[in-house]
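I have placed the structure first, in the form of structure tokens, so that the comments after it can refer back to it.
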Amino acid sequence: MTHIQGSIGRWQGAGLMATTLLGTGVFILPQMTIDTAGTGAILAWILLTLAIIPVSLVFGRLAGIFPHAAGPAYFIEKAFGRTAGRTIGLIFLLVIPLGAPAAVLMTFQFVNELVALSGWQQVFTELGLLLLLLVLNLRGIQVSAKLQFALTLAIVTVVVVMFGAGGSHLGEFELAAHQAGGDMSLVMAAAGIAFWSFLGIEAMTHLANDFKDPKQDMMAAMIIGTVLVGLVYVACTALLLFAPPTDGLAMVAAFDQLLGGYGAQVIGILGIAGGLSTVNVYTASVSRLIWSFSCEGVLPRYFMQLNSHRVPVRALIAVLLTMALVIVLTYLSGQELEHLIAWTNGVFVIIYLVSMMAAVKLLSKRYLPLALMGILFCLLMMQALGNNMWYATGLVLLVAPLLWWQKSHQARKLALSLNKS
């Protein structure tokens, strides 16, 4: 089989979108933003959610009109040429060495709430979870979509119940919202961390061909997921402002305080499932990008094979093996989670920025204001990330010249062969 046929609908897509964005961060990132900006973390989440909506709408429209397994790389190639598109595609592939271990490290903060693991015990457990992702992906993305839609409902239900149980703190929530201005530099720094929560918008575009009707359902699924996720993160941040101090996860302490116990079990299980969901969607997205590049001759044709469920099996296995290698190397090198998150965010800011610029050329004028708002958002995020943009910048400076040379070399070979004939 040489193509991927759609099998999921709007609400399943919304479930994929929401659990990808909630994923590893829903019960961790609010705590990290509060550590950075205090009550200003609420403002950071509100501003970030409002700013990301135009980006989500633009990505949804691009994927609906131009469904392709290469996602942003395909949009950018149509707008700015092959070298630009393939540069974006390859830096997306190269961010896996940062994003995968960061997601797994965040997931294991929930595992440690249930059972204490350390050293190589933790590493081997992480590798076991990758095997689980392999089995899940071999059946096709529609299986993951159904499971992740149920998981989204479970996470939202828990947050709503917690917020309802905190009704006695509503006055304090309003006071915190009024005090949330704070130091805008800290608010921006918190937004730079929080941006991790919205990594996954572009990953959904790689799955456009897995939708039954991408033109009708992509934008709806993405905007439903984005708004829902933003509301959940704001609610979680408000809850944590009044949680008792703890050495572990603040969300567990908040659950115990508001609902009387079992926080480690409930939050732990949902956190593990959400983290695996994020890694699962990125695994599916990247394997499809590798398959697409293999079909176009950018990568070896070895990765073109699809199984009976239209899954690019060889590409999938290559992605998971790379993740496994990186997990081991991350453990041996002792990289810190905050650095991995910030460097990963820098790569995605560039992907989002160039995608918004492509939308200016590819979409009708009615989408121009949204694309321009998306560009402004990306520029502000670059400022918020500061020196952490160097990793992403270095990747672009490394990959773009190599791809330009490859293109020129192939053109010379073609011209030479034509002259000989």
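Formation of a donor-acceptor pair under 3.5 Å by the Ser287 side chain with backbone atoms of Pro312 is not found in this model. With Thr125 contributing its side chain and Gln121 its backbone, the two residues share a donor-acceptor pair below 3.5 Å. Checking side-chain atoms of Asp256 against main-chain N and O of Gly263 turns up a donor-acceptor pair under 3.5 Å.
For Phe198 and Phe348, the ring centers are positioned 6.0 Å apart or more.
For the pair Thr36/Val187, no side-chain contact is recorded, criterion being any heavy-atom separation below 4.5 Å from C-beta on. Val319 places a side-chain heavy atom less than 4.5 Å from the side chain of Met323. Residues Met389 and Ile350 are in side-chain contact: their nearest non-hydrogen atoms beyond the backbone lie under 4.5 Å apart. Side-chain contact between Thr205 and Tyr74: absent, with no pair of heavy atoms (C-beta onward) separated by less than 4.5 Å. Contact check for Val354 versus Pro72: no side-chain heavy atoms found under the 4.5 Å cut-off. The closest side-chain heavy-atom distance from Trp291 to Gln305 is not below 4.5 Å. Counting heavy atoms from C-beta outward, Ile88 and Phe92 have side chains that stay 4.5 Å or more apart.
Distance check: Phe59 CZ to Thr226 OG1 gives 11.0 Å after rounding to the nearest 0.5 Å. In this structure, CE in Met304 is found 4.0 Å from SG in Cys295, a value given to the nearest 0.5 Å.
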- Message: One pair to check against ring-ring contact (aromatic ring centres under 6.0 Å, His included): Phe27 and Phe255. What are the steps and the verdict?
- Response: CA-CA 11 Å; Phe27 300 130; Phe255 189 98; 9.1 Å; no

Notebook entry, point to check: Are Tyr233 and Trp45 close enough, and set up right, to give a ring-ring contact (aromatic ring centres under 6.0 Å, His included), and what steps lead you there?
Noted result: CA-CA 7 Å; Tyr233 273 108; Trp45 283 109; 4.4 Å; yes

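Taking the six-membered ring for Trp and thresholds of 30 and 60 degrees, Phe66 and Phe75 have ring planes inclined between 30 and 60 degrees apart.
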